[in-house]
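This report concerns only the one structure given below.
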Amino acid sequence: MSEIKNREMVEIEAVNTSFVLQAERQQVASQTDADFTNVILKQISEQVKMIEEKRKTFTAPLNQSLREINSTFKELTKPLQTAKNILTQKVMAWRREEQEKIRIEQERIAREEERRRKIQEAHKEQGHEISKPVVMTRPEPLKQRDTTQTRKVWKFKIIDVIKIPREYLMIDESNIRDAIRKGIREIPGVKIYQEEIMVIK
């Protein structure tokens, strides 16, 4: 920041301090006092606007530059994100198919083992000697041979909004304010009232 701009900041700070001192001294005990206080409030409002405009002279070029930088780098990474999404979907689809194959094979083996056990039991009832129960080789679990790193996350989807407990519902306050601005004065469960506030022009 240049020396001139530094001087401007010092001057602004001095004016702001004088407003604070004036506010602390000001008494409001009559209409005349209230009128004079309103004049001070208007001056303060104008000072705030001036400071905001001054801030924009500093931040506007920075924000514009930042937007351009962010946009440039976002565009650079878009193709990479596309490639990442395509490959991720392919790997996860393969994993689902592979896990389903393993599940089907495990169920087939379990059925075969049960079938053979029943045959063994039938032989045993006929007096034949049974050496050991049938245990077949299971397919190797996917996680023991797959290099893909995954983790499970909890997700949800709404299936019946009526059944959701109230503590999980959020009031749309902006929607309510918009309705009040449009003239709505009665909303079930909402108290709509007027409150007097100061308007500083």
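Count residues from 1 along the sequence. Atoms considered below: every heavy atom in the structure, side chains included; atoms not considered: hydrogens, waters and symmetry mates.
Between the CZ atom of Phe19 and the CD atom of Gln26 there is a distance of 12.0 Å, given to the nearest 0.5 Å. Taking CD1 of Ile184 as the start and CZ of Arg177 as the end, the distance is 16.0 Å to the nearest 0.5 Å. In this structure, OG1 in Thr59 is found 11.0 Å from CG in Leu66, a value given to the nearest 0.5 Å. Atom CD of residue Glu11 and atom CG of residue Asn16 lie 12.0 Å apart, to the nearest 0.5 angstrom. Considering CG of Leu169 and CD of Glu167, their distance stands at 8.5 Å, rounded to 0.5 Å. Taking OG1 from Thr82 and CG from Leu87, the interatomic distance works out to 11.0 Å, rounded to the nearest 0.5 Å.
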Steps toward side-chain contact (heavy atoms from CB on, under 4.5 Å) verdict (Val39, Asp35): CA-CA 6 Å; Val39 171; Asp35 290 344; 5.9 Å; no
side-chain contact (heavy atoms from CB on, under 4.5 Å) assessment of Leu76 paired with Phe73: CA-CA 5 Å; Leu76 282 174; Phe73 279 91; 4.2 Å; yes
Salt bridge (Lys or Arg N to Asp or Glu O under 4.0 Å) between Glu46 and Lys49, intermediate numbers included: CA-CA 5 Å; Glu46 289 169 354; Lys49 289 176 184 175; over 6 Å; no
Pair Gln89-Asn85, side-chain hydrogen bond (donor to acceptor under 3.5 Å, both in side chains): steps then yes or no: CA-CA 6 Å; Gln89 289 170 10; Asn85 291 341; 5.9 Å; no
Test log, rule side-chain contact (heavy atoms from CB on, under 4.5 Å), inputs Ile176 and Asp172: CA-CA 7 Å; Ile176 293 174; Asp172 189 344; 6.0 Å; no
Gln47 and Gln43: CA distance, side-chain angles, deciding distance, side-chain hydrogen bond (donor to acceptor under 3.5 Å, both in side chains) verdict: CA-CA 6 Å; Gln47 178 76 353; Gln43 291 171 347; over 6 Å; no
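Judged by distance alone, the side chain of Ser45 and the main-chain N or O of Leu41 form no donor-acceptor pair under 3.5 Å. In this structure a side-chain-to-backbone donor-acceptor pair under 3.5 Å is missing from Asp178 to Ser174. Within the 3.5 Å criterion, the main-chain N or O of Lys54 finds a donor-acceptor partner in the side chain of Thr57. Without hydrogens or angle criteria, Thr17 side chain to Glu13 main chain gives a donor-acceptor distance under 3.5 Å. Using a distance-only test at 3.5 Å, with no hydrogens or angles considered, no donor-acceptor pair links the side chain of Ser71 to the main chain of Arg67.
Residue Ile171 is grouped with residue Ile192 when hydrophobic side chains (ILVMFWY) are merged at heavy-atom distances under 4.5 angstrom, including chains of intermediate members. Taking hydrophobic clusters as Ile, Leu, Val, Met, Phe, Trp and Tyr residues chained together by side-chain heavy-atom distances below 4.5 Å, Met9 does not share a cluster with Val15. Both Ile158 and Tyr168 belong to a common hydrophobic cluster when Ile, Leu, Val, Met, Phe, Trp and Tyr are linked at side-chain heavy-atom distances under 4.5 angstrom. No chain of hydrophobic side-chain contacts below 4.5 Å, direct or via other Ile, Leu, Val, Met, Phe, Trp or Tyr residues, connects Ile159 to Phe156. Ile44 and Ile51 are members of different hydrophobic clusters when ILVMFWY side chains are connected at heavy-atom separations under 4.5 Å.
Considering every non-hydrogen atom in both Gln27 and Thr37, the closest pair reads O-OG1, 4.5 Å. Scanning both residues, Ile187 and Ala179, for their nearest heavy atoms gives CD1-CB, 4.4 Å.
No more than 12 heavy atoms of other residues, nucleotides or ligands lie within 6.0 Å of CD in Gln194, so this atom counts as exposed by the packing criterion.
Under 4.0 Å is where a charged nitrogen must lie from a carboxylate oxygen, and between Glu112 and Arg115 at least one such pair does. Ionic pairing of Glu114 and Arg117 is present here: one or more N-O contacts between side-chain nitrogen and carboxylate oxygen are shorter than 4.0 angstrom. Comment: Glu100 engages Arg103 in a salt bridge, judged by a side-chain N to carboxylate O separation of less than 4.0 angstrom. Under 4.0 Å is where a charged nitrogen must lie from a carboxylate oxygen, and between Glu113 and Arg116 no such pair does. In summary, Arg108 and Glu105 engage in a salt bridge, as defined by a charged side-chain N under 4.0 Å from a carboxylate O.
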